[in-house]
Novice: 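The structure is given below, and queries will be raised subsequently.
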Amino acid sequence: MQLHDTLTNALQDVQPINKVVTIYSCGPTVYDYPHIGNWYSFVRWDILNRALLQNGFKTNWVMNITDVGHLVSDEDDGQDKLEKGAKREGKTAWDVAEYYTDYFTKGLERLNFSKITMLPKATDNIPEQIELVKILESKGHTYVIDDGVYFDTSTIEDYGKLAQLDLKKLRAGARVELNPQKKNLTDFALWKFSPRDEKRDMEWPSPWGTGFPGWHIECSAMSMKFLGETISIHAGGIDHIPVHHTNEIAQSESATNKPFAKIWVHSNFILVDGKKMSKSIGNFYTLEDIEEKGYTLDAFRLLVLSSKYHTEAQFSWEVLGSFQIVLNKLNAWSDLQFQGLESSELVTSYKDSISSIKKEIANNLNTPRVLGLINGMLNKTTELGIDSNAIKDAAIQIDALLGLTLSLRKDINKAQKVKLANRKKARALNNWAESDAIRDDLLKEHIEIKDVLGNQIWNRN
RNA sequence: GGCGCUUUGGCCGAGCAGUUAGGCAGAGGUCUGCAAAACCUCGUAGAUGGGUGCAACUCCCAUAGGUGCCUCCA
């Protein structure tokens, strides 16, 4: 299986570590509701995990919960997002973190995520973060100024290799005032001190003074703690490349002298109505907005899968609507699994399709191609005849790969089956009035009837 | 202001230097008690201007739009 690696800007083979593919993906900062852009990225890594599993790999996937230290700005002079959220809501930072962590984990279930091995919180791993700063200090990579312990980026040769940062040009183009105590523009905080006259909700003692960890150190510390010093894949949003991941690499590789991750994958943004999502424009949507407008989260998943993770994608209600239609067709297809039809040719055809689908997703997660293949697969259904068992199996396999819920469809109940039988009798007698009445009746129960090839085919809508 | 990325038909969106992507929407048709579904056909895309090549949507340059980071909201 191959993925596009940001560091080498090329396709690279996924390499297991001790026979397990280890994945670390940067998770949510739990200070507010995640929007569909956040979910868009997380769904990508769910697909990555599923694609690996379905292609025979074992995986160990860790996604962190940032519940402290993520400043409003990536610069180190902004406010802590958690403390700011707490102030806004009149709660403590701990309450805010708990509320949004809970919301997030429920969201993972609502979106039918595959098994994430671990969702560690930054605040549960403070000693490991302090320990990592100590190692960096002992190796001469740090210095202390008024407001914290900083990483001296001039102590390493290849700082900025991920983002291909040209440090001279970065400095020339910068408009912000450099903190006079910082040695280099790119130096970043490893540990921040609590303000002198203020007690923070979240603060811990450290060898350098009471305070809280910088945002980047948590990912390095937890990735190493739970997955080892070198991992197979590190994943995140494209926005993490220039600062967050660049700094993770700097501090991790300085501490261990080993490569931090074999492959770096980044998901691009999804634009809403052609614009970047932002609260001020009012195109800032959540999962609730999707459901309130009558769309399903499966349809949203299809929308995510319709583009490649590496390219910029478009979201609009019109586009989501078109994927809801596609999903409804897939669901109608899945409903055929209850209708006792047989075709041996279809069984073979599906096997071939599923196998090429697995190959295609292993090709840098080419999900748009996968959707094309699934469409071809569905076309075969009418061409070769319908086989209920084959459809049941195929639905299970598609769900395992894409995280849809096609295999969770329910059969109609006994009363509905009786109505269907009565309709068949009426039709045999050319009693169209009776036949149509039953069809209308079932439609009220959201069961739609179509008369295909002499059979009554139903689907739930 | 600096440094990048991107631009495919009404909409979404792939691959590919020369052979159909696919889907959604739309038009026409076949089938059908009706309806729906299904199937067939169609519009014949590649921001603009140059360049390299026997050949460019696919490579290079410029211009324009979008977008990202440096500079709050991913």
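A note on names: the letters A, B, ... follow the listed sequences, proteins ahead of strands, and every chain is numbered from 1. The analysis underlying the following values was restricted to heavy atoms, covering all of them including side chains, and did not include hydrogens, waters or symmetry mates.
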Novice: Can you tell me, in whole Å, how much space there is between the C1' of rG26(B) and that of rG9(B)?
Specialist: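 rG26(B) and rG9(B) have their C1' atoms separated by 13 Å.
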
Novice: Nearest of rC24(B), rG13(B), rG33(B) to any side-chain atom of Gln314(A)?
Specialist: rG13(B)

Novice: How far, in whole Å, is rC3(B) from rC24(B) if one measures between their C1' atoms?
Specialist: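 Comparing C1' positions in rC24(B) and rC3(B) gives a spacing of 38 Å.
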
Novice: Taking only N and O in the side chain of Thr311(A), is any of them less than 4.0 Å away from OP1 or OP2 of rG13(B)?
Specialist: no

Novice: So, does the side chain of Asp451(A) form a donor-acceptor pair with the base of rC34(B) at under 3.5 Å?
Specialist: yes

Novice: Counting any heavy atom closer than 4.0 Å, what does Asn375(A) reach on the DNA or RNA strands: base, sugar-phosphate only, or nothing?
Specialist: sugar-phosphate

Novice: So, under a plain 3.5 Å distance rule, would you say the side chain of Arg427(A) forms a donor-acceptor pair with the base of rG33(B)?
Specialist: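 Per atom types, the contact qualifies.
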
Novice: Indicate, yes or no, whether a donor-acceptor pair under 3.5 Å links the base of rA36(B) to the side chain of Arg439(A).
Specialist: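 No such pair is found, so the answer is no.
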
Novice: Taking atom C1' in both rU32(B) and rC16(B), compute the distance separating them and give it to the nearest angstrom.
Specialist: 42 Å

Novice: Rounded to whole angstrom, note down the P distance from rG46(B) over to rA56(B).
Specialist: 14 Å

Novice: Kindly say if Lys329(A) contacts the phosphate of rA37(B), meaning a side-chain N or O under 4.0 Å from OP1 or OP2.
Specialist: no

Novice: Could you check whether Leu371(A) gets within reach of a base, just the sugar-phosphate, or nothing at all, counting any heavy atom under 4.0 Å?
Specialist: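 Result for Leu371(A) = nothing.
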
Novice: Have a look at Ile449(A) and say if it touches a base, only the backbone sugar-phosphate, or nothing, with a 4.0 Å heavy-atom cut-off.
Specialist: base

Novice: Check this one for me: any side-chain N or O of Lys308(A) less than 4.0 Å away from OP1 or OP2 of rG15(B)?
Specialist: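 Checking Lys308(A) against rG15(B): at least one side-chain N or O falls below 4.0 Å of OP1 or OP2.
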
Novice: Look at the side-chain N and O atoms of Lys275(A) and state whether any lies under 4.0 Å from the OP1 or OP2 oxygen of rU67(B).
Specialist: yes

Novice: Is it true that atom CD of Glu98(A) has more than 12 heavy atoms of other residues, nucleotides or ligands lying nearer than 6.0 Å?
Specialist: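 12 or below, so no.
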
Novice: Among rA25(B), rG13(B), rC34(B), which nucleotide has an atom closest to any side-chain atom of Ala313(A)?
Specialist: rG13(B)

Novice: Is Lys293(A) positioned over the aromatic face of Trp317(A), cation under 6.0 angstrom from the ring centre and no more than 45 degrees off axis?
Specialist: yes

Novice: Could you work out which one of rC11(B), rU67(B), rA21(B) sits closest to the side chain of Arg369(A)?
Specialist: rA21(B)

Novice: Assign Asn379(A) to base, sugar-phosphate, or nothing according to its heavy-atom contacts below 4.0 angstrom with the strands shown.
Specialist: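 Touches sugar-phosphate only.
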
Novice: Hey, is the side chain of Asn366(A) poking within less than 4.0 Å of OP1 or OP2 on rA14(B), counting only N and O atoms?
Specialist: no

Novice: With respect to Phe104(A), which candidate in Phe113(A), Tyr99(A), Trp39(A) satisfies the ring pair (Phe, Tyr, Trp, His ring centres under 6.0 Å) definition?
Specialist: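 Between Phe104(A) and the candidates, ring pair (Phe, Tyr, Trp, His ring centres under 6.0 Å) is satisfied uniquely by Trp39(A).
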
Novice: Is Ile270(A) touching bases, backbone alone, or none of the nucleic acid, heavy atoms closer than 4.0 Å?
Specialist: base

